[in-house]
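To start, the structure under review is shown below, and the notes come after it.
Keep in mind that the numbers below use all heavy atoms, side chains included, and drop hydrogens, waters and symmetry copies.
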Amino acid sequence: MRAMVLLIACSLAACEMSPKQARRELIEQDYSYSRNSMAEAIRNKDAAALELFLVAGMEPGAVSAGYAMLEHAATAGDTAIVAILLAAGADPNASGGVSTPLVEAAAWGHGGVAGQLLAAGAAADAADATGRTPLLAAVEKGAVALTRALLAAGANPNTRSKLGSTPLGAAQKLEDQAQRDEIAGLLAAAGAVRGTGADLTALMAPEKLTAVAPEEYEVRFATTAGAFVVAVERRLAPHAADRFYNLVRHGFFDSQRFFRIVRGRLVQFGLHNTPEIAARWYGATIPDDPRHGENARGTLAFAAGEGADSRTTQIFINLAVNADFDRLGFVPFGRVVEGMDAVTAINGEYGELPEQGRILAEGEEYLARNFPALDRIETARLVE
C-alpha cells in the first residue's frame, strides 16, 4: 500500500530511487534529512525535493516548528505541493497544535489551496488554538470568493473565536467598502447575526475604536438587578457619546460589576474585569465636552480625573439631582429611559470599599473574592 501511495506522490525519476539514494540526493541539494529541512523545501515550493523526502521515508504528516507539513504548504500557497502531500496520504485536517491547514490557507487568501483541502475532506469549521475558523480567517483577509466557497461547504456563519471575534464582526471592520458590503451580504444570506459577547481582540486596541456614533441611539443593559435602557443624544456630549458607543459595540461592559455605590447619589461601573484590557484603556482618554445638560436623576456621565481631558471608561448613573457635579464639570451624555427601578435596586452594601487600583490589577478575581454580592452587568447591547 505504501509503495502504491508513493507511485502517486512522486515523479518517475524519484520513485526509481531507493530511500538511501533519495537521502543522498537531498544532501547534494543542500537539504538535510530532517523534518525542518522538509518544511524548508515546502516553503521554497520545491516539489522535486519534497518528492525526494517522501521517497527517503519522511512521513507526509510530519510536524516541524509546531506546524504539520500541510500547514506549511497551505501557508506557501502552492497547489502542486499540496497535491503531492495529499496524494502521499497527508491528513487534510492535520494540525501541529497551533493551527489547521484550512485556517492557514484562508488566512493567506490561498483560495486554490483551500479548494484542494475542502475536496480532500478538510472540516470547514475546524478552528485553530484561538478558536479562529477558516471562515473567520477568510473574512478577516477580505477574501470574497473564499468566503463564498466556505459557506457553500457548510461553514457556520455564527462561530465565535475564544477572543470574541465573529465573521460578521470581522466583515464590518474591513476597510475596503466593496469587500465589506459583499462579504457582509454573503454572511447575512447564510444566516449570520450580529455577534453577542465581548470582542476581546478589538478591546485590546482602544486607539482603533473610534467610530462616530449615531446622533441618537439606545443601549439595553441586562443586569443581575434587572434591565434598564439608556438613551443617548450625541449633541449633548459628542466625545462621550462616541466613546460609549464604541465600548458597547464591542462588549466592553459585559460581565462587569457595579463596583462603587454612593447611596442616594450614584452608581458607578466601567472598569474592565480583565486586567490586560483595563490597562490598555487606562490611558485612552477622550477630550472634554462642553456641558449642555444637568446631572439630573437617571442621567449618565463619565467619571474624570483631576486634570482636563481625563475621561476613559468609568461611568456613573446619577441616583438624584447632583447639582454639585455640574459645578465640578461632569457632563451628562445619556439618560435612563426605562428600568430606573432596576438601577436603584443595585446592591449598595459595600459602598465605596472596592479599591479601584486592585480592580485594575486583579480584575474580577479581586471583586468576586472580596465583594461577591456586587451586582453585575450581564450584557450591554445597542437597541436595533
Side-chain angles (χ1 to χ4, degrees), residues 160 163-166 168-169 172-173 193-206 208-234 236-261 266-274 277-278 280-281 284 286 298-303 311-319 332-347 354 359-360 363-364 367-368 374-384:
R160 175 177 289 278
L163 296 176
S165 298
T166 63
L168 189 55
Q172 292 167 342
K173 296 173 189 175
V193 295
R194 183 179 295 274
T196 59
D199 186 341
L200 302 185
T201 303
L203 290 176
M204 290 294 283
K208 296 182 179 180
L209 304 189
T210 57
V212 176
E215 288 305 311
E216 295 183 1
Y217 63 93
E218 292 187 347
V219 176
R220 183 181 187 277
F221 285 78
T223 82
T224 51
F228 61 91
V229 176
V230 172
V232 178
E233 294 183 59
R234 189 172 183 273
L236 294 176
H239 296 300
D242 291 347
R243 170 55 60 86
F244 186 58
Y245 177 73
N246 281 283
L247 293 173
V248 171
R249 282 183 68 203
H250 295 90
F252 180 87
F253 299 111
D254 289 9
S255 300
Q256 283 190 24
R257 304 268 187 165
F258 295 100
F259 64 85
R260 180 176 179 237
I261 292 86
L266 62 86
V267 171
Q268 193 162 324
F269 62 98
L271 282 176
H272 202 276
N273 51 19
T274 301
I277 293 177
R280 297 292 182 101
W281 287 91
I286 56 174
T299 57
L300 284 78
F302 275 89
R311 297 178 298 173
T312 56
T313 63
Q314 293 192 54
I315 294 171
F316 62 85
I317 306 174
N318 287 295
L319 299 178
F333 65 88
R335 178 188 294 271
V336 176
V337 292
E338 294 179 24
M340 192 60 194
D341 55 336
V343 176
T344 57
I346 291 170
N347 184 13
I359 299 173
L360 285 166
E364 170 63 15
L367 293 174
L374 282 176
D375 279 311
R376 69 178 184 275
I377 300 165
E378 294 172 333
T379 59
R381 295 287 177 270
L382 291 167
V383 178
E384 298 293 343

Exercise. Could you check whether the rings of F253 and F269 sit parallel, tilted or perpendicular, using 30° and 60° as the cut-offs?
Key: perpendicular
Parallel, tilted or perpendicular, as decided by the 30° and 60° cut-offs, for the rings of F244 and F333
tilted
Separation of [Y] [atom2] from [X] [atom1] (nearest 0.5 Å):
{"X": "D375", "Y": "I261", "atom1": "CG", "atom2": "CD1", "result": "8.0 Å"}
{"X": "F258", "Y": "I377", "atom1": "CZ", "atom2": "CD1", "result": "4.0 Å"}
{"X": "R260", "Y": "L271", "atom1": "CZ", "atom2": "CG", "result": "11.0 Å"}
{"X": "F259", "Y": "Q268", "atom1": "CZ", "atom2": "CD", "result": "4.5 Å"}
{"X": "H250", "Y": "K208", "atom1": "NE2", "atom2": "NZ", "result": "11.0 Å"}

Full working for side chain to side chain contact (heavy atoms under 4.5 Å, CB included) between L209 and F252
CA-CA 11 Å; L209 304 189; F252 180 87; over 6 Å; no
Applied to residues 335-347, the side-chain hydrogen bond (donor to acceptor under 3.5 Å, both in side chains) test, sequence neighbours excluded, yields N347-E349
message: Could you walk me through whether W281 and T312 satisfy the side chain to side chain contact (heavy atoms under 4.5 Å, CB included) test, starting with their C-alpha distance in whole Å, then the side-chain angles of each, then the deciding distance to 0.1 Å, before giving a yes or no?
response: CA-CA 7 Å; W281 287 91; T312 56; 5.6 Å; no
- Step-by-step side chain to side chain contact (heavy atoms under 4.5 Å, CB included) determination, Y217 to V383: CA-CA 7 Å; Y217 63 93; V383 178; over 6 Å; no
Here the pair of heavy atoms bringing R311 nearest to A303 is CG-O, 3.5 Å
Correct closest heavy-atom pair for F221 and V230 would be CE1-CG2, 3.9 Å
Next item on the list: Report, as yes or no, whether the 6.0 Å neighbourhood of atom CZ on R376 holds more than 12 heavy atoms from other residues, nucleotides or ligands.
Entry: no
task: For T313 and H272, run side chain to side chain contact (heavy atoms under 4.5 Å, CB included): C-alpha distance rounded to whole Å, both residues' side-chain angles, the deciding distance at 0.1 Å, then the answer.
output: CA-CA 9 Å; T313 63; H272 202 276; over 6 Å; no
Test side chain to side chain contact (heavy atoms under 4.5 Å, CB included), reference V267, set N318, I346, L300, I315, output is I346
